[in-house]
Amino acid sequence: MLYREAGEFKSTYQADQAILTIRQDRWFMWALLAVAFVLIPLVSSEYWLGTIMLPFLILALAALGLNVLTGYAGQLSLGTGGFMATGAFAAYKLATAFPELNILIVILMSGAITAGVGLLFGLPSLRIKGFYLAVATLASQFFLIWMFNKFGWFTNYSASGVISAPPMAVFGDNFVTGPYATAEAKYLFTLTLVVLFALMTKNLVRSNIGREWMAVRDMDIAAEIIGIKMLPTKLKAFAYSSFLCGIAGALWAFVYTGSVEPLAFDVNRSFQILFMIIIGGLGSIMGAFLGSAFIVLLPIFLSNAPHWVGLNIPVDLISHIEFMVFGALIIFFLIVEPHGLARLWQLLKEKLRLWPFPY
Amino acid sequence: MYERKLGDVVLQVDGISLSFGAMRVLNNISFNVRQGEIRSIIGPNGAGKSSMLNVINGVYHPQQGAITYRGKTRDLMKVHEAAQQGIARTFQNIALFKGMSTLDNIMTGRNLKIKSNMLQQAIYWGKAQREEIEHRRKVEEIIDFLEIQAIRKIPVGKLPYGMQKRVELGRALAAEPDLLLLDEPMAGMNVEEKEDMCRFVLDINDEFGTTIVLIEHDMGVVMDLSDRVVVLDYGLQLADGPPDEVRRNQAVIDAYLGVSN
């Protein structure tokens, strides 16, 4: 009743090819953006913005990157952490070598450098597929982390191996990194980037390159016969995916933690992001955000929920319960909808279109 | 019945032999395809018909023989080059992109005609959007032609078999090919679906002037549609000629009906 497309007619292909074709969807998206940009910074505490929303957004960006590669182009990758580390170290080297560079340029350039690294590690994808490719990308994960630990050049020969990001501002003294940066500034800066890259990714996947990626994913030999070149198409997916992961890594190190350390980007990070897109939904932009929300926000919710309802449970018990409930929920959602939360959202909307008359 | 005028030879297949290890799949096959004709390849199962299409398509590389397409004898080619030369095909076992809608599948068929680069597509403004709309218009023409308007936005994995075959034909047509290879387009269809498909094949040939190479098991269809027929059996070429001639050929009758020795 509230959500329906009946009566909405489109008379141009442009309107029919818009990102959100149903009016209610557009309203919802604008409302969501308004909440994200205005309401959340107004009502949230420093703690919420800085330690919950920031990692949620940054990991959503990394999940978006992996989703392009795995969900859209069908190339299974376990190198996400390595690519994020590449982005973080590239940003650190750029920021220390050229201190006058704007943070935006540093972040974009570190993304571009990571894209180059991703391109290199994408080369085996022409010959190997599926699980074998996953193992090959796992090698890149271990190699990259080893490299950053091994060579002092990357950390500017710092003794501890842990280095902190220099304070940087977008313009004037709007610092987004370092000790002077407010949580609001960090949050809004990250949010703006994430929204822009999500839009960009959506544009790509609804254009020719996106169709080529999905064609390679669904039936590679048919894709080749209709003229799609395997290597460039797969490499573009690797490059773009690494670009996003690199930016996520740079944001993680500079804006979120403020320090660059390889440990934050170990193989667990790669798995975490892979789980995000599996739970959120492969081949869906929305899925990256839902998956990140599920993995980042749900444990926090679970550990705080008993306190909110007035139950006094010891902290260690809470953390055990949190693990159990979290695991059970993952299994529950995967059984209910193996295609992820994004598909569940889709189904809900389809049901809503008919509601309250089920025919 | 009016006389069909056939053009020059567009595709010349000369003494093609193809083996996989010790297995000889094609043995010294030679025939040609003329501009604007409907050329059928028939034969019992395992005769090497699909292999022949794969050779024309550049998927298999024959050990012997030469293929001359539009006056140019082909070197070892990559798979994607056939599409660049204007050769499109459909598959015996449907090879659609299952996760994508009908519309997106057919749009993908136009991939070689889209010129905007990745950055333009990321911004989706100006050239990329113009192209997207312009190609959408073309794709809608194909959707109208194949009468599949109603399934435009449905993921093809959910469509019934006959419709999938039609979408696959649409994807091949989207490339506006000069030479269309159809591998059993009517297999597993009921009479109505076959009639529709025959109509589409004839219309494609007639309206767009597309040269068609067709593999089909339904003899009625083959004899009605084809200008000329090649008959293969166990990799050998049994006959080549107009349908009436092939129908009377003793070797062909023996291959299809069996001989008592």
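If you're wondering where the values come from, they're calculated on a predicted model, not measured in any experiment.
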Check each atom of [X] against the heavy atoms of chain A and say whether the ones under 4.5 Å are side chain, backbone, both or neither.
X        : value
B:Leu96  : backbone
B:Arg137 : both
B:Ile94  : backbone

| field | Electrostatic pair A:Asp16:B:Lys153 at N-O distance under 4.0 angstrom | value | yes

| Salt-bridge contact B:Glu81-A:Lys229 (side-chain N to carboxylate O under 4.0 Å) | no

Point-to-point distance, once rounded to the nearest 0.5 Å, from [atom1] of [X] to [atom2] of [Y]:
X        : Y        : atom1 : atom2 : result
B:Trp125 : A:Asn203 : CH2   : CG    : 10.5 Å
B:Gln129 : A:Gln14  : CD    : CD    : 4.0 Å
A:Glu224 : B:His80  : CD    : NE2   : 7.5 Å
A:Arg217 : B:Met100 : CZ    : CE    : 7.5 Å

| note | Looking only at A:Ile226, A:Ile209, A:Ile221, the option with the highest number of non-hydrogen pairs under 4.5 Å against chain B is A:Ile226

| message | Quick one, B:Phe97 with A:Met214, criterion side-chain contact (heavy atoms from CB on, under 4.5 Å). Give me CA distance, side-chain angles, the key distance, then yes/no. | response | CA-CA 7 Å; B:Phe97 309 128; A:Met214 290 185 271; over 6 Å; no

Looking only at heavy atoms, which two atoms of [X] and [Y] are closest? And how far apart?
X        : Y        : answer
A:Ala215 : B:Thr108 : CB-CG2, 3.9 Å
A:Gln17  : B:Ile133 : OE1-CG1, 3.6 Å
B:Ala95  : A:Met219 : CA-CE, 3.7 Å
B:Glu132 : A:Ser207 : OE2-CA, 4.0 Å
A:Ile225 : B:Val59  : CD1-CG2, 3.6 Å

Counting only heavy atoms not in [X] (residues, nucleotides, ligands), do more than 12 fall under 6.0 Å from its [atom1]?
X        : atom1 : value
B:Lys78  : NZ    : no
A:Tyr132 : OH    : no
B:Phe20  : CZ    : yes

| task | Take A:Met200 and B:Ile123, measure what side-chain contact (heavy atoms from CB on, under 4.5 Å) needs, and give me the verdict at the end. | result | CA-CA 6 Å; A:Met200 209 166 119; B:Ile123 299 164; 5.9 Å; no

| task | Against chain A, work out which of B:Met107, B:Gln84, B:Arg171, B:Lys98 has the most heavy-atom pairs shorter than 4.5 Å and name it. | result |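 Between B:Met107, B:Gln84, B:Arg171, B:Lys98, the count favours B:Met107.
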
| What residues of residues 111-121 of chain B sit under 4.5 Å from chain A when you count only heavy atoms? |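 At a heavy-atom separation under 4.5 Å, chain A is reached by B:Asn111, B:Leu112, B:Ile114, B:Met118, B:Gln121.
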
| Side chains of B:Val139 and A:Tyr13: does their closest heavy-atom pair fall under 4.5 Å? |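 B:Val139 does not reach A:Tyr13 side chain to side chain.
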
| request: Check whether A:Lys236 gets within reach of chain B through its side chain, its backbone, both or neither, counting any heavy atom under 4.5 Å. | output: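 Its backbone and side chain both get close to chain B.
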
| chain B contact via A:Arg206 - side chain, backbone, both or neither, heavy atoms under 4.5 Å | both

